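All of these numbers come straight from a predicted model, not from anything done at the bench.
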Amino acid sequence: MRRPDAMQLPVSRWLLAGAAPLLLGGCVAAVAPIVGGGIFVGKQIKDEVAERRALREGAAALRAATPAAVPVEEGDPGLPGVEPVEARLTDLTELPPPTAADILPQGAAGGSTAYAAFAARAMELAAADPLSARRRSAVLADPASLRPTTRPCGLQRGAVLVDLDPAGALFDAARAQTQAGDAGLAAALANLRAADIEIVWLSGLPWIAEEELRGLLAARGLDPAGADRIALLQTGEDKPAARERALAGRCLQAVLGDDRADFDPLFQYLRRPEAAASLDALLGDVWFLVPTPLQ
């Protein structure tokens, strides 16, 4: 005798078996987006990690290639005399041309202080006892010896010399028309005149330029009365000869110039300028390196 549910169990299993794809299909459909989303998110994270790693490596490489800024403080024992420098942006597209003060040789001075020292030294020498060894000139006693010994003055009237020519060139009157006279130099020259010290202006220009030059000095307040001596080249003369002629019978007590050759012609012929280093003892004493007054 068969049990009444003997045929029902297989049917139930068949029903479950037939429904399984339907039931599982929903689960699979639900799980698939999650798995797919997980794969997408995982890839995005890996991409971000790789990007950040690349940025870190790039920054490290840049730091290694860039020199580190080392702050320098005033008084740093490792760099004596170095002071902090502040960088500033400007609109300049090129450097400005150098001025006369920028290219002066070592030992040069400038401005009213140098002019005052020039006048004070000349007046000191002029006031010395004519029979004293202290009353000496600014002219080398023996240029060939390269010793800073100068000639004695004796009873000669004192004079000073101002060389107007820039180093390696001649005085340019047209350019000087645009330059203002230096008040410090004008004051120093006035003090020299008051002390009865003659002022001689020297240039390698020909004598025909004297009138123009005298008018220029008067207009700039450097020789308002036109009383100074102007030494220019006569026919057949060179500059040293014009200087000797203008200073004949006078004691040259101080010289203003922008080049050592303004103090003595020997500087034009030295093959090794350093050989005359001993003559630097006269700089600031009777030889005064300053910018050309009217350039």
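One N or O on the side chain of D258 and one on the backbone of A167 form a donor-acceptor pair closer than 3.5 Å. Formation of a donor-acceptor pair under 3.5 Å by the D165 side chain with backbone atoms of G204 is found in this model.
Taken from NZ in K239 to CG in L232, the straight-line distance is 10.5 Å, to the nearest 0.5 Å. The distance from atom CG of D182 to atom CG of L222, rounded to the nearest 0.5 Å, is 8.0 Å. Here D262 contributes atom CG and L161 contributes atom CG; the two are 8.0 Å apart, rounded to the nearest 0.5 Å. Annotation: the span from L185 atom CG to R220 atom CZ amounts to 13.0 Å, rounded to 0.5 Å. With rounding to the nearest 0.5 angstrom, the CZ atom of F118 is 6.5 Å from the CG atom of L189. Taken to the nearest 0.5 Å, the CG atom of L192 stands 11.5 Å off from the CD atom of E198.
Counting heavy atoms from C-beta outward, Y115 and V290 have side chains that approach closer than 4.5 Å. Between R135 and Q253 there is a side-chain heavy-atom pair separated by less than 4.5 Å. In this structure the side chain of V286 reaches within 4.5 angstrom of the side chain of L125, judged on heavy atoms. Using a 4.5 Å heavy-atom threshold, the side chains of W201 and D163 count as separate.
What you find for A173 and E212 is that their closest heavy atoms are CB-OE2, 3.5 Å. Closest approach of A159 and R250 over heavy atoms only: CB-CB, 4.1 Å. Contact record, L233 with A242: CD1-CB, 4.1 Å, taken as the closest heavy-atom pair. Across all their heavy atoms, A227 and R214 have their closest contact at N-NH1, 4.3 Å. Residue F171 comes nearest to L164 through the heavy atom pair CD1-O, 3.5 Å, listed as atom of the first residue, atom of the second, then distance. Shortest non-hydrogen contact noted between I197 and R157 is C-NH2, 4.4 Å.
Connection of L170 to L256 is established within a shared hydrophobic cluster, with ILVMFWY side chains joined at heavy-atom distances below 4.5 Å, either directly or through further cluster members. Following chains of ILVMFWY side-chain contacts shorter than 4.5 Å, one can reach V255 starting from L270, so the two form part of one hydrophobic cluster.
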Query - I230 vs L202, side chain to side chain contact (heavy atoms under 4.5 Å, CB included): CA-CA, chis, key distance, verdict - result: CA-CA 6 Å; I230 294 180; L202 176 65; over 6 Å; no
**Report entry** Worked check of side chain to side chain contact (heavy atoms under 4.5 Å, CB included) between L283 and F288
**Finding:** CA-CA 6 Å; L283 293 174; F288 295 85; over 6 Å; no
Query raised in the report: Does the pair D223 and I199 meet the rule for a side chain to side chain contact (heavy atoms under 4.5 Å, CB included), with working shown?
Result: CA-CA 9 Å; D223 182 18; I199 297 163; over 6 Å; no
Requested in this report: Would you please test L279 and L266 for side chain to side chain contact (heavy atoms under 4.5 Å, CB included) and show each step?
Outcome: CA-CA 11 Å; L279 299 180; L266 78 89; 4.2 Å; yes
Query raised in the report: Is there a salt bridge (charged side-chain N to carboxylate O under 4.0 Å, His left out) between D228 and R193 once you walk through the steps?
Result: CA-CA 9 Å; D228 297 345; R193 295 186 192 100; 2.8 Å; yes
Got a list of side-chain donor-acceptor pairs under 3.5 Å for residues 141-155, not counting sequence neighbours?
unit_1, atom_1, unit_2, atom_2, d
S145, OG, D142, O, 2.7
S145, OG, R147, N, 3.3
T150, OG1, S137, O, 2.9

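At a threshold of 4.0 Å, the pair D280-R260 counts as salt-bridged, since one of the basic side-chain nitrogens sits closer than that to a carboxylate oxygen. Classification of E237 and R245 as a salt-bridged pair holds, one side-chain N sitting under 4.0 Å from a carboxylate O. A salt bridge links E124 with R121: the distance from a Lys NZ or Arg NE/NH1/NH2 to an Asp or Glu carboxylate oxygen falls below 4.0 Å.
The aromatic rings of F263 and W287 sit parallel to each other, their planes meeting at less than 30°, with 60° as the upper class boundary.
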